[in-house]
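These notes are about the structure you will find just below.
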Amino acid sequence: MSEKIIGYIKENGEIVDTQSAPEKVGSEIYFDNSPEALEIIRHSTAHLMAQAIRELYPEAEFFVGPVVDEGFYYDFRTKEKIGEEELKRIEKKMKELAKKRYPIEKYEISRSEAAEKFSGDELKQAVLKNIDSETVSIYRQGEFEDLCRGPHVPDTSFLHNFKLTRVAGAYLGGDENAEMLTRIYGIAFADKESLKEYLKMVEEAKKRDHRKLGSELELFMFDENAGAGLPFWMPKGARLRSRLESILFEAHRRRAYQPVRGPEILKAQMWHTSGHYACYGENMYLTEIDEQEYGIKPMNCIGHILIYKHSVKSYRDLPLKYFEYGVVHRHEKSGVLHGLLRVREFTQDDAHIFCTPEQIKEVVLEVVEFVDAVMKKFDFDYSMEISTKPEKAIGDDEVWETATKALKEALDENGLPYGIDEGGGAFYGPKIDVKITDAIGRKWQCGTIQVDFNLPERFDIEYVAEDNERKRPVMIHRAILGSFERFIAILTEHYAGEFPLFIAPTQVIFVPISQEHSSYASQIAQKLLEMGMDSEIYDRNESLNKRIRMAEKQKVPYVVIVGDAEVENRSVAVRDRRKREQYNLSEEEFMLQLAKQLEEGRI
RNA sequence: GCUGAUGUAGCUCAGUCGGUCGGAGCACCUGAUUCGUAAUCAGGAGGUCACGGGUUCGAAUCCCGUCAUCAGCUCCA
């Protein structure tokens with residue numbers, strides 16, 4: 001890093017480089033790792049990459065090379081196929097070019113001149129089409145010239161700390177029907193240490209990958225003969241999941257939700273009525289039974305609506321809260337499947353709350369508090385976003401306004417900050433999305449709270465009001481975890497497999513010093529089981545050290561060693577993963593401690 | 001779904017130019033060892049080289065198709 005100025009931030013927030021502004025035009029951007037500096041550095045690194053590619057593949061044509069959240073990319077087209085091996089070659093060439101200290105120069109030409117200049121380059125023509133202004137700027141470094149609005153560093157010697165991270169295909173302009181270009185992703189920093197740190201973070205994320213941990217800890221599996229995107233829960237994974245399910249089940253019951261359950265499969269007519277057939281049909285699995293078409297449910301709403309509708313409801317029943325761990329099937333495109341994060345069969349922690357429009361606010365507030373309790377329990381930070389009425393929507397503006405206002409007020413009154421996604425709501429109503437941030441800073445969309453005026457209408461559901469009139473309730477769809485599959489994937493990565501005791505698949509592993517201490521261990525194990533905790537005894541014919549090592553690798557909250565001293569004193573020698581220390585406790589103290597930690601799971 | 005890559009034992013991975021190449025470590029099984037805080041020793045068993053075709057005297061190896069996985073595009077809980 002240095003005191004060198006590589007650009008300025010104008011008052012309007014715009015970043016300009018030193019090529020465009022030889023004199024100071026705002027606050028300086030120094031060559032460091034500030035967001036503004038990184039934007040310039042990464043943009044220039046993208047150009048450096050393009051220059052290297054052009055040297056290695058002279059006929060290469062370039063589309064766009066922007067800076068993104070995590071680095072930069074450049075989309076381009078070559079005759080040759082570019083694989084992972086080529087990245088090293090390109091990197092090497094980039095280093096060479098960087099050393100040459102090419103000044104990065106800028107000049108402006110008219111649009112037509114630019115069209116002329118890049119006449120043989122289809123991709124640059126496509127870029128030009130997207131530009132409004134009459135003059136365009138060109139950046140030049142050595143032989144290489146590119147149409148670009150900048151900003152860039154002053155010369156290529158600033159660009160030493162980068163890494164090309166992956167190569168992938170990307171559609172021209174993001175259009176699925178358009179040509180597929182080659183995209184190379186990279187990352188760059190001002191200094192070497194930050195690059196190293198970043199690469200370490202990537203390594204850490206890889207270590208935490210739930211697919212890797214899931215198979216190491218024997219939580220879940222897939223079987224290619226059974227089908228893609230269809231998870232199997234192995235005993236340990238199923239233990240974890242069932243703990244999570246029970247904790248959340250009790251949490252729902254305490255909040256006056258009624259458990260219900262709808263069938264997995266319903267006649268297609270129901271899906272026509274709901275609009276799913278038309279709007280969501282492509283993702284649904286359909287089948288035929290006795291010459292009638294049926295659809296496997298991709299959502300749980302209809303079941304809950306039919307249960308609601310089964311008997312006449314009074315205003316006194318509202319808000320009525322039905323919940324279900326609903327197993328749903330959705331046909332996701334094969335390319336998007338990803339461990340437990342994207343599957344074709346999953347279970348939602350789904351609920352539908354039937355209420356009057358006036359009750360929306362209180363109901364939403366209560367759900368938001370529920371979300372807060374759950375996310376705090378798992379040490380997640382989260383943020384919320386309200387999505388408002390989209391162009392294509394049903395229902396009166398007035399009702400939309402009431403509902404949106406209710407959502408905003410619910411959050412405001414809870415002192416919860418939120419963003420607004422203007423026009424991002426569902427066609428049937430506005431919604432709040434909950435985005436959580438995990439232990440290593442990644443964001444995930446989990447819960448959602450959606451106000452719906454559409455389905456009550458379509459299914460003609462009603463309640464009897466105080467004045468004996470039949471009125472239409474509003475439905476609020478909500479999920480807190482989203483799905484058990486996705487949430488457990490996120491939890492696994494969040495905790496790096498070291499789950500808190502109240503959801504850990506195994507709470508304790510006992511390591512008896514020798515065979516004769518096993519029975520003492522199994523006595524405690526039985527007591528734990530009766531308290532609702534699982535333990536294992538590692539008393540196989542292996543060395544003590546080996547068994548401790550195996551136990552530690554399981555990432556359980558407690559590894560407990562028992563030998564002569566422990567049997568004699570009815571005590572345990574604890575290796576506490578949570579506190580990362582070793583200590584001795586009496587059996588009773590240990591039990592109490594565990595019971596207390598199990599109770600911490602209460603939401 | 002699209003583009004590219006990959007698929008060898010339960011897991012991680014060697015396997016050159018098509019010809020003693022069916023290999024290693026871990027895990028598993030058996031025996032010895034009975035141990036005080038992260039790998040005791042010895043032996044053994046395990047594979048339709050993803051699946052199906054093709055080329056060839058000969059295929060884990062080359063070609064085609066299918067399935068699955070990975071990265072990305074697009075999409076979503």
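Numbers restart at 1 for each chain; the letters A, B, ... are given by sequence-line order, proteins then strands. As the structure is a computational prediction, the values presented were derived from the model and not from experiment.
Ring-to-base geometry does not place A/Phe487 in a stacked arrangement with B/A77 (centre distance under 5.5 Å, plane angle under 30° required).
Residue-level contact check: A/Arg77 touches neither bases nor backbone, having no heavy atom under 4.0 Å from any strand. Nucleic acid contact for A/Val343: base, since at least one base atom lies under 4.0 Å from a heavy atom of the residue. Among the heavy atoms of the strands, none lies under 4.0 Å from A/Ala479. Residue A/Tyr185 is in sugar-phosphate contact alone, with no base atom involved, counting any heavy-atom pair closer than 4.0 Å across all strands shown. Counting non-hydrogen atoms under 4.0 angstrom, A/Arg486 reaches a base of the nucleic acid. No contact: A/Asn225 has no heavy atom under 4.0 Å from any strand. Residue A/Ala551 is classed as having no contact, given no heavy-atom separation below 4.0 Å to the nucleic acid. Nucleic acid contact for A/Glu216: none, since no nucleic acid atom lies under 4.0 Å from a heavy atom of the residue. Residue A/Arg478 is out of contact with every strand shown, counting any heavy-atom pair closer than 4.0 Å.
For A/Ile561, whose side chain is taken as the heavy atoms from C-beta onward, the closest listed nucleotide among B/A77, B/C35, B/U37 is B/U37. In the set B/C75, B/A71, B/G36, the nucleotide with an atom closest to the side chain of A/Glu566 is B/G36. Residue A/Ser483 has its side chain nearest to B/A77 when only B/A77, B/G36, B/C67 are considered. Considering only side-chain atoms of A/Glu332, the nucleotide from B/G7, B/A38, B/C76 that sits closest is B/C76. Closest to the side chain of A/Lys546, out of B/A39, B/C73, B/A77, is B/A39. The nucleotide whose nearest atom lies closest to any side-chain atom of A/Arg577 is, among B/C67, B/A38, B/C35, B/A38. Nearest nucleotide to the side chain of A/Ala228, out of B/U69, B/A71, B/U74: B/U69. For A/His338, whose side chain is taken as the heavy atoms from C-beta onward, the closest listed nucleotide among B/A71, B/C73, B/U37 is B/A71. Here B/C67 is the nucleotide among B/C76, B/C67, B/A39 with the atom lying nearest to any side-chain atom of A/Glu224.
Note on A/Arg478 versus A/Glu324: no salt bridge recorded, every NZ/NE/NH1/NH2 to OD/OE distance being 4.0 Å or above.
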**Prompt:** What pattern of brackets, bars and dots sums up RNA chain B from 5' to 3', given Watson-Crick or G-U wobble pairs under 3.5 Å, [ ] for crossing pairs and | for another strand?
**Reply:** (((((((..((((.....[...)))).(((((.......))))).....(((((..]....))))))))))))....
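Taking side-chain N and O atoms only, A/His331 has no distance below 4.0 Å to OP1 or OP2 of B/C76. For B/C28, one of the phosphate oxygens OP1 or OP2 lies less than 4.0 angstrom from a side-chain nitrogen or oxygen of A/Arg540.
Judged by the 6.0 Å and 45° rule, A/Arg486 forms no cation-pi pair with A/Trp444. Judged by a 6.0 Å distance limit and a 45° cone about the ring axis, A/Arg547 is not positioned over the six-membered ring of A/Tyr538. Taking the centre and axis of the six-membered ring of A/Tyr558, the NZ or CZ atom of A/Arg575 falls outside the cone set by 45° and 6.0 Å.
Toward the 5' end of RNA chain B, the nearer of the two residues A/Arg330 and A/Ala573, judged by each one's closest nucleotide, is A/Ala573. When each of A/Gly227 and A/Glu485 is assigned the nucleotide of RNA chain B with its nearest heavy atom, A/Gly227 is the one assigned upstream, toward the 5' end.
A syn base is found at B/G46: its glycosidic angle is within 90° of 0.
Between A/Leu337 atom CG and B/C2 atom C1' there is a gap of 14 Å when expressed in whole angstrom units. B/A77 atom P lies 8 Å from atom CG of A/Asp433, rounded to whole Å.
When the P atom is compared between B/A45 and B/A24, the two are found 12 Å apart, to the nearest whole Å.
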